[in-house]
S.K.: 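I am attaching a structure below and will ask some questions about it afterwards.
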Amino acid sequence: MRLGLALGYWGRGPDPRHLELARAAERLGYDSVWTAEAWGSDAFTALTWIAAHTSRIKLGTGIAQMAARTPTATAMQALTLDHLSGGRMLLGLGLSGPQVVEGWYGRPFPKSPLTATREYVDVVRQVLRREGPVASDGLFHPLPYRGPDGTGLGKPLKPITHPLRADLPLLLGAEGPKNVAQTTRIADGWLPLYWSPRRTEVHTASLADAPEGFLIAPMARAVVCDDVAEGLLPVKAMLGFYIGGMGHAARNFHADLMARMGYEAEARRIQELFLQGRKQEAVLAVPDAFADEISLVGPRERIAERLELWRTGPVTDLLVTAPDPRTLRVLAELNS
């Protein structure tokens with residue numbers, strides 16, 4: 001199991017620790033570093049900055065939102081950064097949810113998310129393969145554009161720049177069972193949002209047809225500390241926000257996933273509290289047990305024991321959100 005560093009997206013401004021952590025991860029032998037985006041900082045710019053200050057570590061978007069860019073624009077950014085970094089790019093993509101797609105990007109959330117994802121991935125693959133002009137008869141990403149408000153002058157184009165790698169790895173952030181199953185067919189890997197090494201059976205059916213070499217790269221909060229309860233508070237805060245606020249009461253993919261993992265009543269209670277404006281109560285309503293099983297928190301000995309669970313399952317890459325170089329070093333030592 002390889003280790004990666006997941007930096008996430010910025011809060012109010014750039015996090016001055018991110019570059020230091022990325023460099024520390026490279027020195028410690030971490031395989032990859034990942035950036036993200038929500039509705040603030042973007043994933044590619046921060047990743048390019050890190051690329052310029054590192055030399056070996058792989059560079060992943062974990063995740064870039066499909067609604068933010070057309071598939072050709074995403075492919076252009078990926079192939080550009082792949083060239084500039086000497087072939088270190090890992091393209092992680094996600095559809096996001098209706099709240100973000102419609103509220104931030106001003107686009108309709110697709111009525112058929114699986115179809116929209118397939119079309120998007122197909123166009124990105126066409127650009128990277130550069131076998132001919134890029135064209136698609138898809139419903140969501142037609143190329144050239146044939147809508148009634150178009151000029152009719154568009155024509156399929158072949159990328160000017162030759163991509164460095166036609167097989168640049170593409171991973172998808174997927175949550176629903178059908179979406180995960182499709183990911184095994186059209187992508188090189190999967191970026192689970194929550195992963196419990198104690199509940200791998202939740203995804204057994206969806207991963208049944210995963211090909212050899214398929215990447216499974218979940219993200220997990222990691223921190224070496226003496227007080228487990230205190231160390232879990234950032235995990236609970238993240239869960240409270242995602243499960244309570246990242247989606248509509250009737251359509252929240254994160255809450256649905258928590259329910260499938262055995263915490264349905266708790267997920268609905270977190271949603272209820274958050275949507276009532278009782279955000280602190282929503283965070284406190286997150287069960288310690290759930291926060292604990294999807295993270296690596298506590299003294300070194302406790303983390304060592306729990307890390308063994310992650311290594312015995314199907315996970316190929318553990319992407320840790322670690323707040324300090326010490327935690328990165330301990331994990332590197334334990335995983336060596």
Side-chain angles (χ1 to χ4, degrees), residues 1-8 15 17-36 47 50-63 85-92 169 171 188-200 203 207 210-228 230-232 234-235 238 291-336:
M1 185 179 70
R2 294 177 293 264
L3 291 177
L5 169 64
L7 295 172
D15 191 323
R17 301 171 302 170
H18 279 184
L19 184 55
E20 175 193 353
L21 289 171
R23 287 168 146 174
E26 181 170 67
R27 289 193 301 269
L28 290 166
Y30 278 60
D31 187 70
S32 57
V33 58
W34 301 73
T35 56
L47 198 61
I50 292 169
H53 292 84
T54 56
S55 60
R56 179 200 57 79
I57 198 166
K58 294 173 187 172
L59 308 156
T61 53
I63 60 175
S85 66
R88 292 190 278 152
M89 180 71 200
L90 299 165
L91 180 59
L171 299 87
D188 302 298
W190 174 40
L191 294 162
L193 181 60
Y194 313 135
W195 179 276
S196 170
R198 301 180 186 275
R199 300 174 191 268
T200 57
H203 307 293
L207 295 171
E212 185 177 354
F214 185 77
L215 304 176
I216 299 177
M219 299 182 188
R221 169 81 174 183
V223 60
V224 177
C225 61
D226 295 325
D227 190 329
V228 174
E230 183 179 349
L232 287 175
V235 184
M238 176 273 293
D292 194 25
E293 66 183 85
I294 65 169
S295 59
L296 287 160
V297 173
R300 179 188 177 108
E301 297 74 19
R302 188 176 194 265
I303 289 178
E305 177 184 333
R306 288 168 177 257
L307 191 61
E308 286 303 314
L309 289 174
W310 292 81
R311 291 209 295 230
T312 57
V315 171
T316 61
D317 298 78
L318 175 58
L319 313 183
V320 297
T321 58
D324 60 88
R326 178 194 173 206
T327 295
L328 291 179
R329 176 176 52 77
V330 169
L331 287 170
E333 292 170 354
L334 294 174
N335 195 57
S336 61

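Not measured: the values here are computed from a predicted model.
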S.K.: Please round to the nearest 0.5 Å and tell me the distance separating atom CD of E305 and atom CG of L334.
M.R.: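 E305 CD to L334 CG: 12.0 Å, rounded to 0.5 Å.
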S.K.: Ring-plane angle category for H203 and W195, please: parallel below 30°, perpendicular beyond 60°, tilted otherwise.
M.R.: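 Parallel.
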S.K.: Would V33 and H18 satisfy side chain to side chain contact (heavy atoms under 4.5 Å, CB included), going step by step from the backbone distance to the final call?
M.R.: CA-CA 10 Å; V33 58; H18 279 184; over 6 Å; no
S.K.: Could you tell me whether a side-chain N or O of R311 sits under 3.5 Å from a main-chain N or O of M1, the two making a donor and an acceptor?
M.R.: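 It does not hold such a pair.
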S.K.: Would you say the side chain of E293 lies within less than 4.5 Å of the side chain of L309, judging by non-hydrogen atoms?
M.R.: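 No, side chains not in contact.
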S.K.: Are side-chain heavy atoms of L171 and L91 found at a separation under 4.5 Å?
M.R.: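 Not in contact.
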S.K.: Could I get the full list of side chain to side chain contact (heavy atoms under 4.5 Å, CB included) partners for T312, not counting sequence neighbours?
M.R.: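 Result, side chain to side chain contact (heavy atoms under 4.5 Å, CB included) vs T312: none returned.
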S.K.: I need the L90 CG to S85 OG distance, nearest 0.5 Å.
M.R.: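 L90 CG to S85 OG: 9.0 Å, rounded to 0.5 Å.
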S.K.: Using the test side chain to side chain donor-acceptor pair (under 3.5 Å), find all partners of R17 that sit at least two apart in sequence or belong to another chain.
M.R.: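 Testing R17 for side chain to side chain donor-acceptor pair (under 3.5 Å), a comparison that skips the adjacent residues, returns D15.
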S.K.: List the atom of A217, the atom of L319, and the distance in Å for their closest heavy-atom pair.
M.R.: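 Scanning both residues, the minimum pair turns out to be O-CD1, 3.6 Å.
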S.K.: Does any non-hydrogen side-chain atom of R88 lie less than 4.5 Å from one of T54?
M.R.: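 Yes, close enough: below the 4.5 Å cut-off.
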S.K.: Taking side chain to side chain donor-acceptor pair (under 3.5 Å) as the test, write out the residues that go with D324, two or more places apart.
M.R.: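 Checked D324 against side chain to side chain donor-acceptor pair (under 3.5 Å); matches are T327.
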S.K.: Roughly how far, to the nearest 0.5 Å, is CE of M219 from CG of L7?
M.R.: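 Separation between the atoms: 10.0 Å.
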S.K.: Go through the structure and list residues passing side chain to side chain contact (heavy atoms under 4.5 Å, CB included) with A332, not counting sequence neighbours.
M.R.: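 A332 satisfies side chain to side chain contact (heavy atoms under 4.5 Å, CB included) with L28, Y30 once adjacent residues are dropped.
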S.K.: Partners of A210 by side chain to side chain contact (heavy atoms under 4.5 Å, CB included), sequence neighbours excluded?
M.R.: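 In terms of side chain to side chain contact (heavy atoms under 4.5 Å, CB included), with neighbours along the sequence ignored, A210 is linked to T184, F214.
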S.K.: Do you know the tightest heavy-atom contact between A36 and G62?
M.R.: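 Heavy atoms of A36 and G62 come nearest at CB-O, 3.4 Å.
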S.K.: Could you pull out all residues at least two apart from S32 that satisfy side chain to side chain donor-acceptor pair (under 3.5 Å)?
M.R.: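 Here the qualifying residues are W34.
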S.K.: Taking the side chain as every heavy atom from C-beta outward, state whether L318 and N335 have any pair of such atoms under 4.5 Å apart.
M.R.: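 No, too far: nothing below the 4.5 Å cut-off.
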S.K.: I need the minimum non-hydrogen distance between L5 and A25, along with the two atoms involved.
M.R.: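 That would be CD2-CB, 4.0 Å.
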S.K.: Backbone N or O of I294 within a donor-acceptor pair of the S196 side chain at under 3.5 Å?
M.R.: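 Side chain of S196 to backbone of I294: no pair is present.
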S.K.: For a side chain to side chain contact (heavy atoms under 4.5 Å, CB included) check, start with the C-alpha distance between R198 and R306, then their side-chain angles and the critical distance, and finish with the verdict.
M.R.: CA-CA 10 Å; R198 301 180 186 275; R306 288 168 177 257; 4.1 Å; yes
S.K.: Side chains of Y194 and R199: closer than 4.5 Å at any heavy-atom pair?
M.R.: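 No, side chains not in contact.
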S.K.: Is R302 salt-bridged to D292, cutoff N-O under 4.0 Å?
M.R.: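 Here R302 pairs with D292 in a salt bridge, since their nearest N and O are under 4.0 Å apart.
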S.K.: Not counting sequence neighbours, list each pair that qualifies as a salt bridge (Lys or Arg N to Asp or Glu O under 4.0 Å) and has a residue in residues 325-336.
M.R.: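 Qualifying pairs: R300-E333, R329-E333.
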S.K.: Quick one: salt bridge (Lys or Arg N to Asp or Glu O under 4.0 Å) partners of R56, sequence neighbours excluded?
M.R.: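 Partners of R56 under the salt bridge (Lys or Arg N to Asp or Glu O under 4.0 Å) test: none.
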S.K.: Tell me, do V224 and L331 make a side-chain contact under 4.5 Å, heavy atoms counted?
M.R.: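 They are not in side-chain contact.
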S.K.: Please list, chain by chain and in numerical order, all residues satisfying salt bridge (Lys or Arg N to Asp or Glu O under 4.0 Å) with R23, sequence neighbours excluded.
M.R.: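 Residues passing salt bridge (Lys or Arg N to Asp or Glu O under 4.0 Å) with R23: none at all.
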S.K.: Just jot down the side chain to side chain donor-acceptor pair (under 3.5 Å) partners of R221, sequence neighbours excluded, or say none.
M.R.: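 If we apply the side chain to side chain donor-acceptor pair (under 3.5 Å) test to R221, skipping adjacent residues, there are no hits.
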S.K.: Taking the side chain as every heavy atom from C-beta outward, state whether L215 and R2 have any pair of such atoms under 4.5 Å apart.
M.R.: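 Yes, side chains in contact.
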S.K.: If you look at every heavy atom in A51 and L59, which pair is closest and at what distance?
M.R.: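 Heavy-atom minimum between the residues: CB-CD1, 3.4 Å.
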S.K.: Considering residues at least two apart in sequence or located in another chain, which fulfil the salt bridge (Lys or Arg N to Asp or Glu O under 4.0 Å) criterion with E26?
M.R.: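 So E26 forms no salt bridge (Lys or Arg N to Asp or Glu O under 4.0 Å) with any residue.
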S.K.: I'd like to check the salt bridge (Lys or Arg N to Asp or Glu O under 4.0 Å) partners of E301; sequence neighbours left out, ordered by chain and number.
M.R.: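 If we apply the salt bridge (Lys or Arg N to Asp or Glu O under 4.0 Å) test to E301, skipping adjacent residues, there are no hits.
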S.K.: Between G231 and V223, which heavy-atom pair has the shortest distance, and what is it?
M.R.: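 Nearest heavy atoms, G231 then V223: O-CG1, 4.1 Å.
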S.K.: Do P323 and L21 come within less than 4.5 Å of each other through their side chains, counting heavy atoms only?
M.R.: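 No. Closest side-chain heavy atoms not under 4.5 Å.
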S.K.: What is the minimum heavy-atom distance between T200 and P314, and which atoms define it?
M.R.: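 Heavy atoms only, the tightest pair is CG2-CD, 4.2 Å.
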